[in-house]
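The structure appears right after this line, and notes come after that.
Basis for what follows: all heavy atoms, side chains included, without hydrogens, waters or symmetry-related copies.
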Amino acid sequence: MASTKYESKIGQIPYNDQVVFAVLSNLENLNRFSDLIPKDKIKHLEITTDYIRMQVDGLAQKFTIRIVEKEENKTIKFGVENLPMDANMWIQLKQVAEQDTRIKLTIKADIPMMFRMMFEKKLQQGLDQAVDMLCQVPYAAWV
């Protein structure tokens, strides 16, 4: 099965890359969004500094998203564990001016062909919405 790569649009964050990286590389900051998590879709959520473990409606088992590699102020790579397909994700940051960091999210996944058509559009929309959300975070207040 061939991996398919999905890339978000590029977002603009009005903070420097050091501040953005410091916030995004600590997954415990996701707890600040806990009121936005749909409780009927995501259950048994556990968040630590370097991984998120959860059970999603429709999947029998819990799965884990873990930080597997960091490149200071540039990239945060994630691996996915305990899913019926291989997948990995990464966040790319590029500072273009003092208070201007660009962000892009990428997912590479081995989605079976029969499911690809069903998920492609929603996955792309989800990536773009995630970038929009990450561009609104008050990074300086969270460091």
Side-chain angles (χ1 to χ4, degrees), residues 2-112 115-143:
S3 291
T4 305
K5 190 163 137 180
Y6 302 92
E7 296 179 315
S8 73
K9 63 184 179 181
I10 296 173
Q12 182 177 5
I13 300 173
Y15 296 95
N16 71 46
D17 59 358
Q18 288 180 309
V19 171
V20 175
F21 183 84
V23 171
L24 296 181
S25 63
N26 179 353
L27 297 178
E28 286 182 328
N29 284 312
L30 291 173
N31 285 316
R32 298 171 191 257
F33 294 106
S34 62
D35 58 327
L36 301 176
I37 297 171
K39 307 292 187 253
D40 60 327
K41 304 281 187 216
I42 297 177
K43 299 175 173 78
H44 310 290
L45 182 63
E46 177 186 350
I47 301 173
T48 71
T49 45
D50 66 347
Y51 74 84
I52 305 164
R53 184 171 291 131
M54 68 186 115
Q55 185 172 355
V56 177
D57 190 35
L59 286 177
Q61 76 275 3
K62 288 182 185 180
F63 69 95
T64 303
I65 300 170
R66 182 180 308 277
I67 294 176
V68 295
E69 186 179 332
K70 298 179 202 178
E71 184 178 351
E72 190 89 13
N73 306 331
K74 294 184 189 300
T75 309
I76 305 165
K77 295 183 181 181
F78 302 87
V80 179
E81 303 166 2
N82 205 29
L83 273 181
M85 64 179 180
D86 287 333
N88 56 48
M89 303 175 282
W90 56 98
I91 298 172
Q92 293 170 280
L93 303 172
K94 181 169 179 59
Q95 184 169 310
V96 295
E98 180 56 34
Q99 296 297 312
D100 185 356
T101 299
R102 304 302 163 99
I103 184 170
K104 182 169 82 170
L105 306 178
T106 305
I107 293 177
K108 189 173 179 185
D110 292 336
I111 301 173
F115 296 116
R116 200 171 296 159
M117 293 296 282
M118 289 189 297
F119 294 123
E120 260 180 357
K121 187 176 181 180
K122 288 186 184 230
L123 191 54
Q124 187 64 54
Q125 288 173 338
L127 282 172
D128 290 341
Q129 288 172 346
V131 163
D132 289 342
M133 181 182 73
L134 291 172
C135 289
Q136 302 302 312
V137 169
Y139 290 93
W142 288 13
V143 177

Worked verdict on F21 versus K74 for side-chain contact (heavy atoms from CB on, under 4.5 Å): CA-CA 7 Å; F21 183 84; K74 294 184 189 300; over 6 Å; no
Contact between W90 and L105 at the side-chain level, heavy atoms closer than 4.5 Å - yes or no?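 No, side chains not in contact.
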Just wondering, do M54 and V56 contact through their side chains at under 4.5 Å, heavy atoms? yes
[X] versus [Y], closest heavy-atom pair with distance:
X: N82; Y: F63; value: O-CB, 3.6 Å
X: Y139; Y: L134; value: OH-O, 2.6 Å
X: K104; Y: I10; value: CD-CG1, 4.2 Å
X: C135; Y: P14; value: O-CD, 4.2 Å
X: D110; Y: M85; value: O-CB, 3.4 Å
X: L24; Y: I91; value: CD1-CG2, 4.2 Å

Flag if over 12 foreign heavy atoms under 6.0 Å of NZ, K108: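 No - once you tally the heavy atoms of other residues, nucleotides and ligands closer than 6.0 Å, there are 12 at most.
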Does a sphere of radius 6.0 Å around CE in M118 hold more than 12 heavy atoms from other residues, nucleotides or ligands, not counting ones at 6.0 Å or beyond?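 Atom CE in M118 is packed in, count exceeds 12.
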The side-chain contact (heavy atoms from CB on, under 4.5 Å) partner of I107 among K5, M89, Q124 is M89
For S8, which of D132, L123, V131 qualifies under side-chain contact (heavy atoms from CB on, under 4.5 Å)? V131
Checking side-chain polar atoms at under 3.5 Å, does [X] have a donor or acceptor matched by the opposite partner on [Y]?
X: N26; Y: T49; result: no
X: Y51; Y: E81; result: no
X: Q95; Y: D100; result: no

Looking at [atom1] of [X] and [atom2] of [Y], how far apart are the two atoms once the value is rounded to the nearest 0.5 Å?
X: E72; Y: L93; atom1: CD; atom2: CG; value: 11.0 Å
X: K70; Y: F78; atom1: NZ; atom2: CZ; value: 9.0 Å
X: E46; Y: Q55; atom1: CD; atom2: CD; value: 13.0 Å
X: I52; Y: L27; atom1: CD1; atom2: CG; value: 4.5 Å

I'd like to know if the side chain of [X] reaches the main chain of [Y], judged simply by a donor and an acceptor atom lying under 3.5 Å from each other, with no hydrogens or angles considered.
X: T75; Y: E71; value: no
X: R116; Y: I111; value: yes
X: D128; Y: Q125; value: no
X: T101; Y: D17; value: yes
X: N16; Y: E98; value: no

Do W142 and V20 pass the side-chain contact (heavy atoms from CB on, under 4.5 Å) test, and can you show the C-alpha distance, the side-chain angles, and the key distance before you say yes or no? CA-CA 9 Å; W142 288 13; V20 175; over 6 Å; no
Stepwise, does the side-chain contact (heavy atoms from CB on, under 4.5 Å) test hold for R102 with I13? CA-CA 6 Å; R102 304 302 163 99; I13 300 173; over 6 Å; no
Would I67 and E69 count as a side-chain contact (heavy atoms from CB on, under 4.5 Å) here? Give the steps. CA-CA 6 Å; I67 294 176; E69 186 179 332; over 6 Å; no
